[in-house]
Amino acid sequence: MPRLSIVVPVRRVRGSLRACLESVLAQSFADIEIIGVADGSPDGSGQLLDEIAARDSRVRAVHLAEPAGSDGRRTAGAERATGDYLLFLEGSHVLLPGALQRIADRLDAAKDPDVLLFGHVRRPFRGLPQESRSLRLLTALGGTDLCTLAERPELLGVAAVCWNRAVRRDFHESGQVPFAPGVYGDRMYALGMLVTAETIAALPVPCVEHRQQRFLPGLDDPEDTVRPHDVVEQFSELFGTLQGAGRFDAVHSPLFELASQQLLETYAEVSRGRRAYVRAVAAFHREYRPRGHRPPAGIAALRLRLLGRGRPAALRGFDAALAVRRRLLEAAAGARAGLARRVLPVLYRLHRLRPLDRRLAVYSAYWNRGMSCNPAAIYHKAAELAPGVRGVWVVSHKAAASLPPGVDHVVPGSRRYWTVMARATYFISNVNFPNQVVKRRGQVHVMTHHGTPLKVMGMGQYPYPAAAQGLNFKDLLHRVDRWDVSLSSNPHSTEAWTSAYPSAVRHLETGYPRNDVLVNATPEQVAAARASLGIRPEQRAVLYAPTFRDHERGYTCRLDLARLARELGGDTVLLIRAHYFHDGSGLGTQPGIVDVSGHPSTEELCLAADALVTDYSSVMFDYANLDRPIVIHAPDWEVYRAVRGVCFDLLSGEPGDTPGAVTRSTDELIQVLTDGTWNSAANAGLRAAFRARFCPFDDGRAAERVVRHVLLGERELLPVAAPEERGGAVALPRQAAQQKEEPQAGDAGDAGSGGHGGAGASVARL
């Protein structure tokens, strides 16, 4: 009897089923069975299910004789399950790495609750994974205590679907609420299980990636379609069934509010028979409205009242009035926007006549993409050392949603944005502020940059049209002339910035603030970074981080990653991070591969990785602080050097130029990562020279230097600690285990060159 039974309905999922099932089979927790249920899918999904089942005995293929709908497929799978717990996973979704182990551990810790709710992330059809509202709610509620729905009715805010929960099988079999037909058929089941459960536990971490599919009209299965009237019937059946349950009375009111809101939202989808729909909803309200219940205040309450009282004509008139109001508001908003475009520049000029706010600093990173990189490190250190200087971040509308709670921000172009830009004293960014920003006397602009340069930058791009991409060099110099301070991570960078951005700027050789976390990391931080990515202690994690190529459109992977993962085996996991200019790597989920392109912290990925594989990305200079192996995979070096232009010969093989092994093909990389070359004594020596050249100032206090000098006005920079005085080495779990064994072929642990056996590594030893 397995611990977990995962039921996967299979119909029209030919393009996603393999990734779905392999995301389950690749889990570290293996006490499972997978039951795939097909019912004649016309796209060949059933045959693919058979193919995967033939290769792995944990997968059982079930074929139904007749189309059964999603409810029938789920029910058939649950009937054949033998595990302690049931999980339902859609064929278009995937489990995140380490999900099943976390679920199993939480079930054990909670002593086998009836229901375990866990988090998920949502991945739009075109876009990166995003934190779901359900995950935010579970995180806010915490996951330590067992409860009932009556004790925590807020759990009704967790998405009512079957694939974000584990249900104890004997509880499922004794339940009174079955799956309902239609595209929302699992909603009633999910709600019924919550209402009747004696014990509910929560796991506030993402376990499922909900991958939204492209809507294709005409491809919906007839048995999975549902009329709006069916939703009314399903809620009526649910309430009728639950009325006899002992726990229903305690949650009757919040459950009714949820149902009423869903029925109101469904009303908008009714194109025919609206009068009949309103009558059906009114009948539901008369039958199941709690005694003395009042809808919440506001416009929504009035619409709910009209719908619940069965007033279709009044509701139709009210909606018409709302539509007119909406059009008037839109017209007014358009007029205001036009007025703002004319007035805001005037307001900006007026605000520039006011005194500077000596306690205001503006931060931005990566063209307003969010809170990250060197500016974020300075912001956090400023909160500690200079709390009197408040920080405001400039972020886009999209990025604002992902900011941590309590972070003050403005959106470019808004009224407050121009007020802040006019009056702030300090401007801290890793890219330039827009041309329209006027540098006032007394304002201090700090350019932090966002990487040590291998490629030519600034004015050096002039001879490289593919790199310049129409760059206006006159405007560039105008922006550069606003800089007061330019941060440098090493003497090479100081020289490069001086050439690339000729100006009167002062170059501060502080180290990179974003690298402080790498130098100061503790064993607990390293372990947490690995655990968050589902990396087992004994696994080797290899981070592959290629850079952006100006002369190409889109992302081109120059490695056969699937083959690389197969050859390296289950002891190695590949972390793939595409450049932030790309909208993810597009890899999806494959065995042994984790797409971390949307991960918010490059530094956390570096802490988790035993080794780095990159081409020409500046992450190599940051990663060198960790004293872990670096492999340069450069299949197009000659083209890149000719088209983009470079500052030095990365592939020369000379100490200080090349940080480790160099490969040109997938075959070569496989050999380097399997025969010990990746961490050989020779490459450890190259790494030491590279680190000495490019990491001399990174002693873990770079952000403090900037805050003390710029915000607190200290004239002298803090001295840089010598390498031997910096933080102690932090061994990776894999390394700690291997230190008990004899050195393997190719190990550098006894070479006296600063290398370490196994997976490399120290976090802060230079």
**Q** Strictly below 4.0 Å, N to O, side chains only: are Arg165 and Asp186 in salt-bridge contact?
**A** no
**Q** Salt bridge between Glu704 and Lys381, side-chain N to carboxylate O under 4.0 Å?
**A** no
**Q** Is the distance between the ring centroids of Trp497 and His449 under 6.0 Å?
**A** yes
**Q** Between Pro513 and Val706, what is the shortest heavy-atom contact and its length?
**A** CG-CG2, 4.3 Å
**Q** Leu138 and Pro204: which non-hydrogen atoms are nearest, and at how many Å?
**A** O-CB, 3.5 Å
**Q** In terms of relative ring orientation, are His93 and Trp163 parallel, tilted or perpendicular, with 30° and 60° separating the classes?
**A** perpendicular
**Q** Considering non-hydrogen atoms only, spot the tightest contact between Ile535 and Ala541 and give its length.
**A** CD1-CB, 3.7 Å
**Q** State whether Arg390 and Asp357 are salt-bridged, where the test is any N-O pair (Lys NZ or Arg NE/NH1/NH2 against Asp/Glu carboxylate O) under 4.0 Å.
**A** yes
**Q** Would you say Asp484 and Lys439 make side-chain contact, with heavy atoms under 4.5 Å?
**A** yes
**Q** What residue among Arg122, Arg136, His120 forms side chain to side chain contact (heavy atoms under 4.5 Å, CB included) with Glu131?
**A** Arg136
**Q** Can you name the nearest heavy-atom pair linking Val456 to Arg644, along with the distance?
**A** O-NH1, 2.7 Å
**Q** Do the side chains of Leu533 and His599 get nearer than 4.5 Å, heavy atoms only?
**A** yes
**Q** Does Gln27 reach the main-chain N or O of Leu100 with its side chain, forming a donor-acceptor pair under 3.5 Å?
**A** yes
**Q** Identify the heavy atoms of Arg514 and Ala377 that sit nearest to each other, and give their distance.
**A** N-CB, 3.9 Å
**Q** Roughly how far, to the nearest 0.5 Å, is CZ of Arg106 from CG of Leu117?
**A** 10.5 Å
**Q** Give the ring-plane orientation class for Tyr363 versus Trp393, where under 30° counts as parallel, over 60° as perpendicular and anything between as tilted.
**A** parallel
**Q** Kindly indicate whether a cation-pi arrangement holds for Arg352 with Tyr348, taking the cut-offs as under 6.0 Å to the six-membered ring centre and within 45° of the axis.
**A** yes
**Q** Looking at Tyr366 and Arg369, what are the two nearest heavy atoms and their distance?
**A** O-CG, 3.0 Å
**Q** Quick check against the 3.5 Å criterion: does Asp698 have a side-chain atom that pairs as donor or acceptor with the backbone of Tyr512?
**A** yes
